[in-house]
Amino acid sequence: MGLYSISLYGLYFLLIITIIYLISILIDAYKVMVWGYAPYIRSGKKIVNRILQEVDFRDNSVVYELGCGDGRFIRELAKQREINCIGYEYSLAPYLLAKLFNFFSRKKVKIYYKNFFNENLSNADYVFCYLMPKPMEKLSKKFENELSPGAVIISNTFAIKNWRPKKVIELKKRGVLSNKIYIYIK
Ligand SMILES: C[S@@+](CC[C@H](N)C(=O)[O-])C[C@H]1O[C@@H](n2cnc3c(N)ncnc32)[C@H](O)[C@@H]1O
């Protein structure tokens, strides 16, 4: 096989990857705009650190991150505690990033390319999410049906309608907005 055909195959490969990536971005944009689903925006380091300070994650407990993005939160948590960390992500680009970061991380977490609405959360001790009002509303029913009493839910920015938080932490930002972290106990 000549050099010319190898570089042609390489070019085709890159083209296919780019097309798949662009299609996945379009699907994500559709989900965000039409269904009101959460886009991929990471929780800031300050927020992650504050949650890790505030919440006493028990050793050997089970923690789910629903819509884990690149997995920053569970990766940080797994570095600090002996915890079973599971992340669900249905968007291709952040999922692949999460897998890549996990590969290089000292402490491994489990990352699945899945829609968390289709997964059972009954063994969760803690759930962390940073989503949007619409999925939070749908999730509240799932939490009611599946989570055991005593399970802790931590939500970055978005409250669960009709649930009373055990604690609300407010983080000051330079701009007008300030971040709130809602902590619930079922
Ligand atoms: C705002 S980002 C938060 C990322 C990460 N949890 C963090 O705090 O850094 C929300 C993520 O949830 C994912 N997501 C939204 N709905 C989902 C679903 N039903 N199943 C799996 N992932 C979902 C999005 O693709 C996005 O990456």
Side-chain angles (χ1 to χ4, degrees), residues 20-55 57 62-80 83-102 104-105 107 109-122 124-147 152-161 168-171 173 177-184:
I20 293 173
Y21 188 69
L22 288 178
I23 290 173
S24 86
I25 288 178
L26 283 179
I27 294 172
D28 288 350
Y30 178 84
K31 285 176 189 165
V32 172
M33 287 186 293
V34 180
W35 296 344
Y37 277 18
Y40 167 48
I41 301 170
R42 311 172 93 188
S43 290
K45 263 202 168 142
K46 236 175 150 180
I47 292 174
V48 171
N49 289 338
R50 185 65 188 270
I51 295 170
L52 298 184
Q53 275 170 18
E54 290 281 343
V55 181
F57 291 93
V62 176
V63 179
Y64 284 95
E65 181 167 5
L66 306 181
C68 66
D70 59 41
R72 175 189 258 175
F73 177 78
I74 41 177
R75 247 192 347 270
E76 262 325 299
L77 180 57
K79 276 186 210 158
Q80 300 190 13
I83 282 178
N84 302 307
C85 292
I86 299 142
Y88 291 126
E89 176 56 56
Y90 72 177
S91 176
L92 189 62
Y95 164 76
L96 292 176
L97 262 183
K99 290 298 260 189
L100 186 73
F101 290 148
N102 201 30
F104 289 109
S105 179
K107 283 287 193 136
V109 295
K110 292 180 190 134
I111 311 269
Y112 297 104
Y113 183 51
K114 285 186 171 175
N115 182 337
F116 56 70
F117 283 117
N118 300 332
E119 302 307 307
N120 191 291
L121 304 175
S122 56
D125 297 302
Y126 303 86
V127 173
F128 170 66
C129 50
Y130 176 24
L131 298 165
M132 289 276 268
K134 236 180 173 171
M136 286 311 285
E137 210 172 318
K138 198 169 159 195
L139 262 182
S140 74
K141 291 176 195 110
K142 191 169 172 64
F143 291 157
E144 271 156 25
N145 292 336
E146 289 176 18
L147 290 184
V152 178
I153 302 149
I154 305 140
S155 176
N156 181 356
T157 309
F158 301 101
I160 311 177
K161 225 171 150 187
V168 181
I169 302 158
E170 194 158 1
L171 289 173
K173 260 193 180 174
L177 284 170
S178 70
N179 268 96
K180 281 186 180 167
I181 302 162
Y182 297 87
I183 302 175
Y184 301 90

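Each residue takes its place number in the sequence, starting with 1. Remember, it's 1-based here, ligands and their atoms both numbered in the order they're listed.
- Ligand 1 is surrounded by Ala38, Pro39, Tyr40, Ile41, Arg42, Ser43, Glu65, Gly67, Cys68, Gly69, Tyr88, Glu89, Tyr90, Ser91, Lys114, Asn115, Phe116, Phe117, Phe128, Tyr130, Leu131, each with at least one heavy atom closer than 4.0 Å.
- Between the side chain of Asp125 and the backbone N or O of Val62 there is at least one donor-acceptor pair closer than 3.5 Å.
- Checked options Tyr113, Phe101, Tyr112, Tyr88; the residue passing with Tyr95 is Tyr113 (criterion: ring pair (Phe, Tyr, Trp, His ring centres under 6.0 Å)).
- For Ala98, the side-chain contact (heavy atoms from CB on, under 4.5 Å) partners at least two apart in sequence or on another chain are Ile111.
- In Tyr30, the OH atom is not crowded: 12 or fewer heavy atoms of neighbouring residues, nucleotides or ligands sit closer than 6.0 Å.
- With respect to Glu76 and Lys79, a salt bridge is recorded, a charged nitrogen being found less than 4.0 Å from a carboxylate O.
- Using a 4.5 Å heavy-atom cutoff, the side chains of Ser43 and Phe73 are not in contact.
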